[in-house]
Amino acid sequence: MGAEHDLSLTQLRVLGILRDRRPRMSDLAAFLGLDKSTLSGLIARAERRGLLTRGADPDDKRAVVVLITDAGRDLTRRLYEEVRDTLAPATGRLDPKQREQLARLLEPLLTPPLSATPRPERPVRGTP
């Protein structure tokens, strides 16, 4: 799915994380197991595509947070729908209890342990 949109697996992971979080660059780098310069290059490429932007952390002006733009959010939504549609034939064979169990089992794998609570969404400059 990512290749069709010219996205690496790491870029897909970043977009997924940023759907409902505003992590600091350092937290994101640590979670992904990347050094800061590698992550900075990855974020810069996504910024050029209009998918992400960087901003100051409102709680610590020295820290940089990574923010998803409206275009990044739209792409993430489309990718989610593509994955859901691709998996539907397989998950559709499960009864509701099995789907619930599958979701519970996958949750720890898919939820990044960045911040315990999602950061409040704030408007991103350059997006409506």
Side-chain angles (χ1 to χ4, degrees):
M1 303 267 161
E4 296 169 15
H5 297 279
D6 195 28
L7 295 168
S8 69
L9 179 58
T10 303
Q11 289 168 320
L12 288 171
R13 290 179 70 198
V14 168
L15 286 171
I17 291 167
L18 296 178
R19 277 188 327 173
D20 59 359
R21 289 177 175 74
R22 300 166 56 88
R24 293 179 176 162
M25 287 280 287
S26 56
D27 294 338
L28 189 56
F31 175 73
L32 295 169
L34 301 173
D35 61 54
K36 289 180 187 176
S37 64
T38 300
L39 179 64
S40 186
L42 187 142
I43 299 300
R45 288 188 295 282
E47 280 181 308
R48 286 192 294 273
R49 292 182 62 182
L51 303 174
L52 305 176
T53 189
R54 295 176 235 210
D57 185 328
D59 301 323
D60 180 355
K61 299 297 182 200
R62 298 168 296 164
V64 175
V65 293
V66 185
L67 310 162
I68 192 166
T69 63
D70 287 343
R73 197 174 307 285
D74 182 57
L75 177 60
T76 303
R77 181 191 49 75
R78 288 190 325 240
L79 288 167
Y80 174 82
E81 289 170 0
E82 288 176 23
V83 169
R84 184 193 62 214
D85 293 347
T86 300
L87 293 175
T91 59
R93 294 190 314 244
L94 301 174
D95 65 46
K97 186 176 178 178
Q98 290 172 318
R99 281 194 297 273
E100 183 181 312
Q101 183 180 17
L102 178 61
R104 259 195 332 273
L105 290 169
L106 290 173
E107 183 67 24
L109 299 174
L110 301 176
T111 303
L114 288 172
S115 61
T117 56
R119 296 177 190 228
E121 191 168 318
R122 293 192 174 95
V124 177
R125 274 188 284 158
T127 61

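For clarity, every value in this text was computed on a predicted model and none was experimentally measured.
We find the CZ-CG distance between Arg13 and Leu28 to be 9.0 Å, quoted to the nearest 0.5 Å. Distance NZ/Lys36 to CG/Leu34: 12.5 Å, rounded to 0.5 Å. Of the inter-residue distances, the one linking Leu52 atom CG with Arg73 atom CZ reads 10.5 Å to the nearest 0.5 angstrom. Asp27 CG to Arg21 CZ: the interatomic distance, rounded to the nearest 0.5 Å, is 11.5 Å. Here the straight-line distance linking atom CD1 of Ile17 with atom CG of Leu12 works out to 11.0 Å at 0.5 Å rounding.
For Asp57 against Asp59, the heavy-atom pair with the smallest separation is OD1-N, 2.8 Å. Ala71 and Gly50 make their closest contact through CB-O, 3.5 Å (heavy atoms, listed as atom of the first residue, atom of the second, distance). Between Ser40 and Met25, the closest heavy-atom pair is CA-CE, 3.9 Å. Across Ile68 and Leu18, no two heavy atoms sit closer than the pair CG2-O, 3.4 Å.
You'll find the side chain of Leu79 reaches within 4.5 Å of the side chain of Leu7, heavy atoms only.
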**OP:** Starting from the C-alpha separation in whole Å, work towards a yes-or-no answer on side-chain contact (heavy atoms from CB on, under 4.5 Å) for Leu42 and Leu32.
**Re:** CA-CA 12 Å; Leu42 187 142; Leu32 295 169; 5.9 Å; no

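Of the possible polar contacts, none joining the Gln11 side chain to the Ala46 backbone as a donor-acceptor pair under 3.5 Å is found. Of the possible donor and acceptor atoms, one in the side chain of Arg45 sits under 3.5 Å from a partner among the backbone N and O of Gly41. One N or O on the side chain of Gln98 and one on the backbone of Asp95 form a donor-acceptor pair closer than 3.5 Å.
Leu94 and Leu106 fall within the same hydrophobic cluster, defined by Ile, Leu, Val, Met, Phe, Trp and Tyr side-chain heavy atoms under 4.5 Å apart, directly or through other members.
In this structure Arg84 satisfies the salt bridge (Lys or Arg N to Asp or Glu O under 4.0 Å) test with no other residue, sequence neighbours excluded.
Checked for salt-bridge contact, Glu81 and Arg77 meet the test: a charged N lies under 4.0 Å from a carboxylate O.
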